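Presented below is the structure to which this report refers.
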There are 2 protein chains.
Amino acid sequence: MTIYDIAEKCGVSIATVSRVLNGSSRVSAKTKEKILLVMKEQNYQPNPFARGLGLNSMKMIGVLCEDVSDSFYATAISLIESYLRLIDWNVILGCTGRGSGLKYKHLQFLMEKHVDAIIIIGTPFNHTKDLDYLKNVAKKRPVIMVNSYIKHNNIYGIICDEETGMSDIVGKLAEKGCKSVLYLYDSLTYSGRQKLTGYKKGIATHKLDENPLLQNKINRSLEDVEQTVKKLIEQNVYFDAVVTSEDLLAIGAQRAILQMGKNMPIVGCNNSLLAQCATPMITSLDNQLEILCREAVELLTKLMNDKEVPSKMIFPAKLYQRESFIYA
Amino acid sequence: MTIYDIAEKCGVSIATVSRVLNGSSRVSAKTKEKILLVMKEQNYQPNPFARGLGLNSMKMIGVLCEDVSDSFYATAISLIESYLRLIDWNVILGCTGRGSGLKYKHLQFLMEKHVDAIIIIGTPFNHTKDLDYLKNVAKKRPVIMVNSYIKHNNIYGIICDEETGMSDIVGKLAEKGCKSVLYLYDSLTYSGRQKLTGYKKGIATHKLDENPLLQNKINRSLEDVEQTVKKLIEQNVYFDAVVTSEDLLAIGAQRAILQMGKNMPIVGCNNSLLAQCATPMITSLDNQLEILCREAVELLTKLMNDKEVPSKMIFPAKLYQRESFIYA
DNA sequence: TTGTACGCGTTATCAT
DNA sequence: ATGATAACGCGTACAA
C-alpha cells in the first residue's frame with residue numbers, strides 16, 4: 001500500500017491524498033471523506049523512510065545515558081519516553097556505559113540515524129574525544145542535558161541544584177549537633193561535583209570538622225561501602241553523621257554502622273526505591289527528576305518551534321526525610 | 001554532503017561510491033582509496049532515510065516493556081540494548097504502562113517506524129485489542145517475547161522456568177519444616193501465572209497447607225504489603241514462610257513480620273538490587289535475564305539470516321540464597 | 001479544489 | 001572496473 005495505490009483507488013492524485021494525510025490546506029469534504037475511508041479500508045500507513053527523506057526527520061529523539069539498569073537513569077528515561085510519546089516522538093535509546101572516551105561512539109551511532117535532537121541524562125563528558133564530538137553534534141542538533149551541563153552553543157542544561165540541597169543537609173546536621181560529617185561518593189559527574197561542592201560549602205559555613213579522611217571516593221557497591229565504613233570506624237576516625245552521593249552508598253553505610261553498634265543520621269541521594277527498602281528507611285535528597293524531564297521535553301518542543309529558550313534552568317532539590325535521619 | 005558530492009569530487013559515478021560504501025563487489029584499489037579519503041575528508045555520512053527507503057530497513061528494533069523505571073525491565077532493556085549495539089542495531093523504546101487495552105497503541109507507534117522486529121519484555125497481552133494487534137504485527141515482523149510467550153506464527157518466546165523454580169522453593173521450605181507458605185503476588189503476567197502455578201504445585205506436591213487465605217494478590221507497594229501481612233498476623237492466619245512474586249513484596253513482608261516480632265524464611269523474585277538493600281538481605285529467585293536477553297538477540301540475528309530457530313526456549317531459574325532464608 | 005512533476009539520497013540492475 | 005538510470009514512497013511548488 002503506497003500513496004499511489006490509495007490515489008488510484010480514489011480516482012485522485014497522490015497530491016490530494018498527501019494533503020488529507022497531512023491535514024493541510026483545503027480538500028473538498030467529499031473527497032477527503034472518501035480518501036480517509038479507503039485509507040482505513042486498506043489499512044494504509046505512509047512509509048516513514050520516504051517521509052523522513054522528504055522532511056529530513058523521522059521524529060526520533062536520541063536519548064543517551066550511562067546505564068538504564070541504574071534506577072536513576074531508568075526513571076529519567078521512563079519519564080522522558082512518556083512525555084515524548086504524548087507528542088508523537090520516538091526515543092532511540094543509547095547506553096554508553098561508565099567508561100570514558102567511548103561515549104562519542106554512541107553519539108555517533110545516534111547521529112547516524114539522523115535523530116532530531118539528543119537528550120543526555122547525567123552523563124559526564126570529560127574525555128576530550130567525547131567532549132569534542134558532543135560539541136560537533138551541537139552544531140547540527142540541539143543537545144539537552146538533564147542533570148548535567150556543558151556551556152556551549154546549542155547545548156541546554158536542565159539541572160537540579162543539588163549543591164544547595166547538599167549544603168542545606170549539612171546545615172541541618174549541624175543544627176542537630178553533628179560535628180563530623182562523613183561524605184561518601186562514587187563518581188564525579190556534573191551532579192557528583194555539585195554535591196561534593198555542596199558538602200564542602202556546608203562544612204565550611206557551619207565550621208564543621210574538615211578532616212580530609214571524611215571525604216571518601218569509593219565504588220558503587222554495597223560491599224565496598226560497608227568495608228570502607230567499617231575500616232574508618234576501626235581506625236577510630238570520628239564521625240557522627242553520614243551523607244552520600246547515592247542511596248546505595250547510604251544503605252551500605254547504614255548497615256555497617258549498625259553492625260558496628262553505632263547509630264547516627266544518614267542521608268542518601270536520588271531518592272530511589274532502594275532508600276525505602278532499607279531498614280531504617282533512608283532519608284534522601286530528591287533531584288526532582290520528574291520536573292527536570294518534563295521541562296526537558298517542554299524545552300525541546302519550544303526549540304522545534306523556534307521559540308526562545310533559556311540555555312540553563314535550575315530547579316531546587318527536595319529532601320525526603322525518613323527514619324535514617326533521626327539520631328537514635 | 002551526498003553521495004553525488006563525493007562522486008563528483010572523486011571524478012567517479014555514484015555507483016562506484018555506493019560500492020565502496022557497502023564494501024560490495026570489485027572496485028579498483030586506487031579509486032577505492034581515493035573515495036575513502038574524500039569521504040573521510042568531507043566527513044561524509046550516508047543519509048539513513050534514503051538508505052532506509054531503498055533497503056526498507058533502518059536497522060532498528062522496537063523494544064517494548066511496561067515500565068522501564070521498574071528494575072526488572074530496566075535490566076532487560078539495558079542488556080538488550082548492549083547486545084544489539086554490538087551488531088549495529090538501534091533500539092526504539094516503548095513503555096506501555098501497566099494498563100490493559102492500550103498496549104496495541106504502542107505497538108502501532110513502533111510499527112509506524114518500520115522497525116525490523118519487535119522485542120517484548122514480559123508484558124501481558126490479555127486484552128483482545130492488544131492481542132489481535134500483536135498477532136497482526138507478527139504477520140509483518142518477527143516478535144520476540146522475553147519472559148513471556150504467546151503461541152502464534154512468527155512469535156518467539158524466550159522464557160525462564162519460574163514455575164519449577166518456584167515449586168522448588170516451596171519444596172525447600174517444606175524440607176525446612178515449614179507447613180504454611182504465604183504467597184504474595186501483584187500481577188498475572190505470563191511470568192506471574194507461572195510463579196503462581198509453581199507455588200500451587202509445590203504446595204500440593206509437599207502436602208502443605210492449602211488455605212486460600214495464604215494466596216494474596218496485592219498492589220506492588222511497600223505500604224500495601226506491610227499492611228496486608230500485619231492484618232493477616234493480627235487475624236491469626238497462620239503461616240511460617242513467605243514467598244512473593246517480587247522482591248519489593250518480600251521486603252515489605254519481611255519488614256512487617258519483623259515488626260510484629262516474628263521471624264521466618266522469606267523469598268522474593270527477580271533478584272534485583274532491592275533484595276540486597278533490605279536487612280536481612282532477601283533470598284531471591286533469579287530469572288536469568290542476562291541469558292534470556294542474550295538469547296533473544298541471538299535468535300533475532302538468526303531470524304534475520306533466515307536460519308531455523310525454535311519458537312520457544314526455556315531456561316532454568318536460579319535461587320540466590322541470602323539471609324532471609326535462614327529461619328531464625 | 002486538484003493534478004503534474006520534481007526532489008530527497010540511496011541501492012541495485014543493467015549496460016559498457 | 002565503472003557508469004547510467006530506474007526504483008523506493010513521499011512532500012510540495014507550481015500549474016491548471
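To find a chain, count down the sequence lines: A is the first, B the second, and so on, and within it residues start at 1. The structure presented is a predicted model; accordingly, all values stated were derived computationally and were not measured.
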Inset, instruction - Compare side-chain N and O positions of B:R51 against OP1 and OP2 of C:dT11 and report whether any pair is under 4.0 Å apart. - result: yes

Legend entry - First of B:L55 and A:T31 reached from the 5' end of DNA chain C, by closest nucleotide: A:T31

Inset, instruction - Please state how far atom NZ in B:K30 lies from atom P in D:dT2, giving the value in whole angstrom units. - result: 11 Å

Legend entry - No-hydrogen, no-angle side-chain donor-acceptor test under 3.5 Å, A:S100 and A:N126: no

Inset, instruction - With DNA chain D as reference, determine whether B:S28 or B:A50 sits nearer its 5' end, using the nearest nucleotide of each. - result: B:S28

Inset, instruction - Could you state the atom-to-atom distance from CG of A:N56 to P of D:dC10 in whole Å? - result: 18 Å

Legend entry - Phosphate OP1/OP2 of C:dT11: any B:N22 side-chain N/O under 4.0 Å: yes

Inset, instruction - Remember a base hit wins even if backbone is also touched, and classify A:F49 as base, sugar-phosphate or nothing at under 4.0 Å, heavy atoms. - result: nothing

Legend entry - Atom-pair distance (NE2 on B:H114; P on D:dC8), nearest Å: 13 Å

Legend entry - Length of the CG-C1' vector between A:N47 and C:dG9, whole Å: 14 Å

Legend entry - Salt-bridge present (A:K103, A:E66; N to O < 4.0 Å): yes

Inset, instruction - Mind checking A:L21 for me? I need base, sugar-phosphate or nothing, with any heavy atom below 4.0 Å counting as a touch. - result: sugar-phosphate

Inset, instruction - Provide, to the nearest angstrom, the distance between the CG atom belonging to A:L53 and the C1' atom belonging to C:dT11. - result: 13 Å

Legend entry - Phosphate-side-chain proximity, B:R19 and D:dA1, N/O vs OP1/OP2 below 4.0 Å: no

Legend entry - Separation of D:dC10 P from A:I14 CD1 (nearest whole Å): 8 Å

Legend entry - Under 4.0 angstrom between B:Y44 side-chain N/O and C:dT10 OP1 or OP2: yes

Inset, instruction - Would you mind classifying the nucleic acid contact of A:S18 as base, sugar-phosphate or nothing, using non-hydrogen atoms under 4.0 angstrom? - result: base

Inset, instruction - Say whether B:N56 and B:R51, considering side chains only, have a donor N or O and an acceptor N or O under 3.5 Å apart. - result: no

Inset, instruction - Would you mind telling me which of B:V20, B:L21, B:V17 makes a side-chain contact (heavy atoms from CB on, under 4.5 Å) with B:I6? - result: B:V17

Legend entry - Proximal nucleotide (of D:dG3, C:dG3, D:dG9) relative to the A:Y4 side chain: D:dG9

Inset, instruction - Calculate the interatomic distance between A:E33 atom CD and C:dT2 atom P; express it in whole Å. - result: 13 Å

Inset, instruction - May I ask you to evaluate whether A:S13 reaches the phosphate of C:dT2, defined as a side-chain N or O under 4.0 Å from OP1 or OP2? - result: no

Legend entry - Side-chain N or O of B:T2 closer than 4.0 Å to phosphate OP1/OP2 of C:dG9: no

Legend entry - Flag if over 12 foreign heavy atoms under 6.0 Å of NZ, A:K59: yes

Inset, instruction - Find the distance B:I3:CD1 to C:dG7:P and express it as a whole number of Å. - result: 18 Å

